[in-house]
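Reviewing the structure listed below.
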Amino acid sequence: MDLDYELLRRAFWPLVKGALLGTIPLSLISFALGLTIAIVVALMRISRHRWLSGPGRAYVSIVRGTPLLVQLLVIFYGLPEVGVTLDPWPTAILAFSFNVGGYAAEIVRAAILSVPRGQWEAAHMIGMTRSTTLRRIILPQAARVSVPPLSNTFISLVKDTSLASLVLVGEMFRRGQEIASQSSQFLVVYIEAAAIYWAICLLLSAGQSRLEKRLERHAV
Amino acid sequence: MPSEDPLLEVAGLHKAYGDHVVLDGVDLSVDAGQVVALIGPSGSGKTTVLRSLNGLERPDGGTVRIGEVAVDFGARQDRAAEDRLRRQSAMVFQQHNLFPHLTVLQNVIEGPVRVQGRPRDEAVAEARALLDRVGLAAREDASPLRLSGGQQQRVGIVRALALRPRLLLFDEPTSALDPELVGEVLGVIKELAQQGWTMLIVTHELAFARDVADDVVFLDGGRIVERGPAGVVLREPREERTRQFVERLLRPF
Ligand SMILES: Nc1ncnc2c1ncn2[C@@H]1O[C@H](COP(=O)(O)OP(=O)(O)OP(=O)(O)O)[C@@H](O)[C@H]1O
Ligand SMILES: [Mg+2]
């Protein structure tokens, strides 16, 4: 097969632009919102009150028990049914935040539970309330533990955002589809998109190891 | 001291986990300035007594009074009173339980500044003076994880002192330490005794108890079996059970 270098070159900048203006911001915003959801849900799940831990558990179970693609399409087609019409971007952000929130909640919860009981007791001894203890003593320690698994979640999210092309978000993969269908050379463009995803993930993995090394140095 | 009353007065303390009765009517009093050593076999309830005084465990019944603050655990729960009671004492844990993400100094001022709302400058100055007294002035910016076990425990003691409690509680403060580090921690506790701190100390270090404690209390099966001056209880106890326990500790094999 003759590689169409002209097409590779022509597709490169639109793909990179799609990554910079679509994939990356979509990932960052969804991750930030998802992490916020995750902390709230993790706290609900460790609560002694059933009316908090129950819904928290149900949310995590639904997110982890259904495919991301289905979640995305249910939100895309379902919201208009109940009278909520959102643009593609908000729809995608909503779906990815919802999804990341469920996975990250389990990570945050495990990290909170990994902090030794003696830390709660020492905080109680110096007179702290439960909520101050969480904020000042437990969550900072849990944050360190959860960096590696949360980094993995983020890397998965970057790849998952390609699904947003289905709900018409102009991220990298949708740009690729547009170019590919004009030239009807799908394979070349899709491989090029894959290479760019790969490059982004390599960069993120490198950043992850550096971050982990730094945390390790500070922890020992 | 305004009154001759004991600073700490415990009466009829009771605690059970399910069917397992851990404290079976503990009566205990400690005068202001007095040092009392609490000894007893594993599982006799020593830790549970301390934790009950500091709000880490809630007894099912009995009363505790420290200074003017009294709580009747048999009556309807009064959270405000229990909170006030807990603030009268401070505890030094067996496994120091220092906050690993904070520096030594931050560990010490967290309570005074964040909880008690004292001015930061004042709390820092006081913390530095206390750290100096236990020989750790140079380590205030270190992470607790970088200290030796003995240093960690001394920071634990300073963290408790910085709360300005009326009563200090120690739960086997040296039993997690390597033998060569025990002395430096016991030395600090002995100094506190000489400065007039009121202390209740759970310990297996009988020589230390004899040296530092005014009274020794022997707890067994959730009850106080015997109490008396350290020299008497450790040398010629009245009760057979105390004698056996002390002998076993002095001659393990
Ligand atoms: N949370 C708990 N649930 C059930 N049982 C408990 C709990 N905490 C303590 N116990 C039991 O209560 C009893 C007394 O425990 P405690 O820790 O007060 O003993 P101790 O005298 O301090 O023993 P040691 O010398 O081993 O520290 C033990 O039998 C222990 O198993
Ligand atoms: Mg104990």
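Proteins get letters first, then strands, A, B, ... in listed order; numbering begins at 1 in each.
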Exercise. Would a distance-only check, ignoring hydrogens and angles, find a side-chain to backbone donor-acceptor pair under 3.5 Å from B/H101 to A/R136?
Worked result: yes
For this session: Kindly compute the distance separating OG1 (A/T133) from CZ (B/F99), expressed to the nearest 0.5 Å.
Result: 7.5 Å
Exercise. What's the spacing between A/I126 CD1 and B/N54 CG if we round to 0.5 Å?
Worked result: 11.0 Å
Exercise. Does atom CZ of B/R120 have more than 12 heavy-atom neighbours from other groups under 6.0 Å away?
Worked result: no
Problem set entry | Gap between atom CZ of B/R114 and atom OG1 of A/T132 - 0.5 Å precision | 9.5 Å
Problem set entry | Polar side-chain atom of B/N97 near backbone of A/A122 as donor-acceptor pair, under 3.5 Å | no
Exercise. Between B/P100 and A/Q141, what is the shortest heavy-atom contact and its length?
Worked result: CG-OE1, 3.3 Å
Seminar exercise, completed: residues 77-93 of chain B vs chain A, non-hydrogen distance cutoff under 4.5 Å, contacting residues -> B/R86, B/A90, B/M91, B/F93
Exercise. Would you say B/R118 has more than 12 foreign heavy atoms packed within less than 6.0 Å of its CZ?
Worked result: yes
Problem set entry | Pair A/M125-B/L163, side-chain contact (heavy atoms from CB on, under 4.5 Å): steps then yes or no | CA-CA 10 Å; A/M125 189 278 287; B/L163 298 169; 3.7 Å; yes
Exercise. Counting N and O atoms only, with roles assigned by atom type, does the side chain of A/Q119 sit under 3.5 Å from a partner on the main chain of B/L98, one being a donor and the other an acceptor?
Worked result: yes
Exercise. If you draw a 6.0 Å radius around CD in B/Q195, do more than 12 non-hydrogen atoms from other residues or ligands fall strictly inside?
Worked result: yes
